[in-house]
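First listed ligand is number 1; within each ligand, the first listed atom is number 1. Numbers here simply count residues along the sequence, with the first being 1. All heavy atoms count here, side chains included; hydrogens, waters and symmetry mates do not.
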Amino acid sequence: PALLGLTALAAYLLGSVPFGIVMARLFGLGDLRKIGSGNIGATNVLRTGNKLAAFLTLVLDAGKGGIAVLVARATLGEDAAQVAGFAAFLGHCYPVFLGFRGGKGVATFLGTLLALAWPVGLAACATWAAVAAVTRISSLSALVAAALSPVWAFLLGRGDAVLLLVLLAVLILLRHEANIRRLVAGTEPRIGRKS
Ligand code: G3P
C-alpha cells in the first residue's frame, strides 16, 4: 500500500506538469491563461496559431498519463496502473503547481486510456476525431469521446476499466462547464479559431 501511495503521488506530480503553459513559454506565445478560453490544453495553444506547440502539448499531456500507467503496470501491476492513470489525470485537472487550477483532462485521459487498454483508447481517439471532423468543436468532441468510453470498454471486453472511465467522464464533464454553456448558447469556437 505504501508503494502504491508513492506511485499515485508520483503520477499526480507528473500529471501536474502543465505542458501547455511550458510550451507557450518556450515558443514565446505568452501566458496561455490570458489567451482564448484561458485553458492550459492543446486546443487553446492552437489558438495562438502555433501548430507545433499545440501538437507537442497534446503529445506531452497525453504522454504523462501514458507513462504513469506504463511505469505503474511494470512495477506494481494492473490495479496500480489504473490508480496511476487516475492520479495523473487528477494532476492535470487540479495541479499543485498552479494552485489546483488546471486543465480539462482530455489529452491526459486519452493518453491514459491508450496505455491502459489501447483498443479502447483508439476507439476514444476515433470518436474524438469523428466528432471533430463533423463539428470542428474540440470540447464537444471530448465530451462525446469521454461519455462513450465506458461503452467502448464494455463492448471491447474491458469491463474492468468501465468504473474508472465513468469516473473520468464525469470529471471531464464537470471540467467543461463553461464549454457546455457556450455550446448551448451556440458560441463555442471552432478548432483553430482565435477566442
Ligand atoms: O481539451 C480541452 C477542450 O475540450 C476544450 O478546450 O480551450 O476550447 O476550452 P477549450
(request) Can you pull out the closest protein heavy atom to atom 4 (O) of ligand 1? Residue, atom name and distance to 0.1 Å, please. (result) His176 NE2, 2.7 Å
(request) Starting from atom 5 (C) of ligand 1, locate the nearest protein heavy atom and write down its residue, its atom name and how far away it is, to 0.1 Å. (result) Asn179 ND2, 3.8 Å
(message) Is there a side-chain contact between Ser139 and Arg182 in this structure, where contact means two heavy atoms from C-beta onward sitting under 4.5 Å apart?
(response) no
(request) For residues Ala72 and Ala80, report the shortest heavy-atom separation together with the two atoms involved. (result) CB-O, 3.6 Å
(message) Would you say that more than 12 heavy atoms from the other residues, nucleotides or ligands in this model lie under 6.0 Å from the CH2 of Trp128, or not?
(response) yes
(message) For atom 7 (O) of ligand 1, what is the closest protein heavy atom, and at what distance to 0.1 Å?
(response) Ser37 OG, 2.5 Å
(request) Return yes or no for this condition: an N or O of Glu188 is under 3.5 Å from an N or O of ligand 1. (result) no
(request) Name the closest protein heavy atom to atom 8 (O) of ligand 1, giving the residue it belongs to and the distance to 0.1 Å. (result) Arg47 NH2, 2.7 Å
(request) If you have a sec, work out which protein heavy atom is nearest atom 9 (O) of ligand 1 and how many Å separate them, to one decimal? (result) Lys104 NZ, 2.5 Å
(message) Is it the case that atom CZ in Phe97 sees more than 12 heavy atoms from other parts of the structure closer than 6.0 Å?
(response) yes
(message) Please check if the number of heavy atoms outside Asp79 that lie under 6.0 Å from its CG is greater than 12.
(response) no
(message) Show me which atoms of ligand 1 lie under 4.0 Å from any heavy atom of Ala142.
(response) 4 (O)
(message) Counting only heavy atoms from other residues, nucleotides and ligands, does the tally under 6.0 Å from CG of Leu163 exceed 12?
(response) no
(message) Could you check whether any heavy atom of Ser138 sits closer than 4.0 Å to an atom of ligand 1, since that is the contact criterion I want to use?
(response) yes
